[in-house]
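FYI, side chains are in, hydrogens and waters are out, and symmetry mates aren't considered; it's all heavy atoms of this structure. All chains are named by letter (A, B, ...) in the order of the sequence lines, taking the proteins before the strands, and each is independently numbered beginning at 1.
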Amino acid sequence: MERGAIPVDDVPGAVDLQSTLESGQTYLWWRPDGATYETDGAYGGDAWYRTVVGDDVVEARQTEDAIEWRATTDAADLVRDLLGLRDDLREIRRAATEDDLAQAAWDAYDGLRIVRDPFFGCLISFICSAQMRVERIFAMQESLRAEYGDPIDFDGETVYGFPRPETLAEATEDDLRDLKLGYRAPYVQRTAEMVASGELTEEDVRGRAYELAREKLTGFVGVGDKVADCVLLFSLGYLEAVPLDTWMQTAIEDHYPDCDRGNYADTSRAFRERLGPYAGYTQTYLFHYLRSGGE
DNA sequence: CTCCAGGGAGCCT
DNA sequence: AGGCTCCATGGA
């Protein structure tokens, strides 16, 4: 096992690991101590979080002056990528809309960073997110790992990573329904099949202009505009992407009514112009703030 | 009991 | 393109 620490002084802007990993933007990190999601600071904010990238287990926690990590490999650069620690939060916030709601959200969770989840896990977890509560989305990913993940030895402990595309592609719809995925089961199986066969992959999306990338992603089964935006924002680093879910639609009705253009594409465009070049950042702060009871 | 959750597919016009 | 309807599951 290798270890390291990233001093917070080396990170441009504030860092808040708990807000970053428990704001509903990623379902691929969990607490190895078994704590349930959203236990609200019961660990003093210094709990370890765990994820798996490829064949490597990676853990991170926040201490007073650093983000500490331990992993099956040298993960110093990887942790910076996964947790958005390279993003200059000061510059990003300066570019954000100055309206009261957005600023209140930024104030409440300063240090929340946009994650860069591995593509396939992000894609599958957000397909699972359709009409589902945050807590249960976590539970579904846990089931997928336990049932289909490859075992990895981590300092004597066996850790199961997110399933590989080929493995999920070979699962049957009924297998996945047994994991309580409901009507998302065939979506997950067929999308895994598309990735595994090469019919449509990360490489077909990455690097393309934002709206074209979103259109490409909707080629996956179970992926519409909203889930596509989640993958663009939380995996591929398109910081302008603004997933328009039920929370954002309500926020737009109540606080940005002139951005409501009656359809996803046009409302998205108007909302992005309002929130600025890093619209996805402010969107994620708004989502977490509103869902946690603000305003 | 009903309602709803980080929506999308299929089918209709 | 835009507007239905249905889709599993579990907690409030």
Side-chain angles (χ1 to χ4, degrees), chain A residues 19-29 36-38 105 109 112 114-115 117 121-144 147 171-194 200 211 214-236 238 241-255 260-269 271-272 275 279-295:
Chain A
S19 293
T20 299
L21 296 181
E22 299 195 17
S23 50
Q25 53 164 324
T26 172
Y27 300 97
L28 303 182
W29 287 80
T36 37
Y37 176 68
E38 287 179 337
Y109 296 108
L112 183 161
I114 299 293
V115 298
D117 277 340
C122 184
L123 179 64
I124 296 299
S125 59
F126 277 98
I127 287 174
C128 290
S129 78
Q131 293 293 99
M132 196 51 60
R133 295 176 205 281
V134 166
E135 295 78 1
R136 284 205 57 221
I137 303 169
F138 273 98
M140 293 160 90
Q141 308 320 304
E142 207 170 297
S143 301
L144 287 171
E147 188 70 25
T172 68
E173 177 181 335
D174 284 344
D175 291 338
L176 296 175
R177 282 182 186 269
D178 287 344
L179 298 185
K180 308 302 181 187
L181 266 60
Y183 61 82
R184 304 153 197 81
Y187 301 166
V188 168
Q189 191 277 329
R190 290 174 63 187
T191 285
E193 207 165 49
M194 293 173 77
L200 185 59
E211 289 192 349
R214 191 176 66 191
E215 188 185 331
K216 287 280 181 187
L217 273 168
T218 59
F220 288 110
V221 182
V223 178
D225 287 330
K226 187 269 172 186
V227 169
D229 270 330
C230 288
V231 175
L232 291 174
L233 181 59
F234 303 134
S235 175
L236 299 180
Y238 286 78
V242 284
L244 299 183
D245 65 348
T246 52
W247 288 93
M248 277 314 115
Q249 285 168 12
T250 302
I252 289 171
E253 283 175 27
D254 294 349
H255 299 278
D260 186 359
R261 304 298 164 85
N263 65 73
Y264 194 99
D266 292 337
T267 302
S268 167
R269 206 168 292 134
F271 198 40
R272 277 181 279 132
L275 297 189
Y281 248 100
T282 295
Q283 187 274 354
T284 302
Y285 274 84
L286 285 174
F287 173 80
H288 189 37
Y289 182 66
L290 294 171
R291 211 177 66 83
S292 303
E295 292 298 291

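Annotation: side chain of A:L233 is in contact with side chain of A:Q283 (closest heavy-atom distance under 4.5 Å). Contact of the A:S235 side chain with the A:L123 side chain is not registered, since no non-hydrogen atoms from C-beta on lie closer than 4.5 Å. At a threshold of 4.5 Å between non-hydrogen side-chain atoms, the residues A:L244 and A:D225 do not count as touching.
To the nearest angstrom, P of C:dA1 lies 12 Å from CG of A:D225.
Residues A:V221 and A:D245 both approach DNA chain B. Their nearest nucleotides, taken by heavy-atom distance, put A:D245 toward the 5′ side. A residue-by-residue look at A:V223 and A:S129 shows that A:S129 has its nearest nucleotide of DNA chain B further toward the 5' end.
At the heavy-atom level, A:F220 lies under 4.0 Å from the strands shown only through sugar-phosphate atoms. In this structure, A:Q249 reaches neither bases nor backbone, as no heavy-atom distance under 4.0 Å exists between it and the strands shown.
Residue A:E215 places its CD atom among 12 or fewer non-hydrogen atoms of other residues, nucleotides or ligands, all under 6.0 Å distant.
If you look at A:F220 and A:Y187, their ring centroids are not closer than 6.0 Å.
A distance of 5.5 Å separates OG1 of A:T282 from CG of A:L275, quoted to the nearest 0.5 Å. Distance check, rounded to the nearest 0.5 Å: OG of A:S143 to CG of A:D178 gives 11.0 Å. Here the CG-CE distance, from A:L286 to A:M248, works out to 5.0 Å after rounding to the nearest 0.5 Å.
Aromatic ring pairs are classed by plane angle as parallel below 30°, tilted from 30° to 60° and perpendicular above 60°; the pair A:F234 and A:F126 is parallel.
Think of the region where chain A sits on DNA chain B: with heavy atoms and a 4.0 Å cut, that region ends 5' and 3' at B:dC4 to B:dA9.
At a threshold of 4.0 Å, the pair A:K226-A:D229 does not count as salt-bridged, since none of the basic side-chain nitrogens sits closer than that to a carboxylate oxygen.
Stem analysis of DNA chain B (Watson-Crick or G-U pairs, both distances under 3.5 Å, runs of at least three) returns B:2-5 with C:9-12, B:7-13 with C:1-7.
The separation of C:dA8 from B:dC11, taken at their P atoms, amounts to 15 Å, rounded to a whole angstrom. Between C:dG3 and B:dG6, the two P atoms lie 25 Å apart (nearest whole Å).
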Heavy-atom contacts, protein to nucleotides 4-12 of chain C, under 4.0 Å, summarised as B (base), S (sugar-phosphate only) or - (none) per nt, yield ---BBBBB-
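Under a 3.5 Å cut-off, the side chain of A:Q25 and the backbone N or O of A:T20 do form a donor-acceptor pair.
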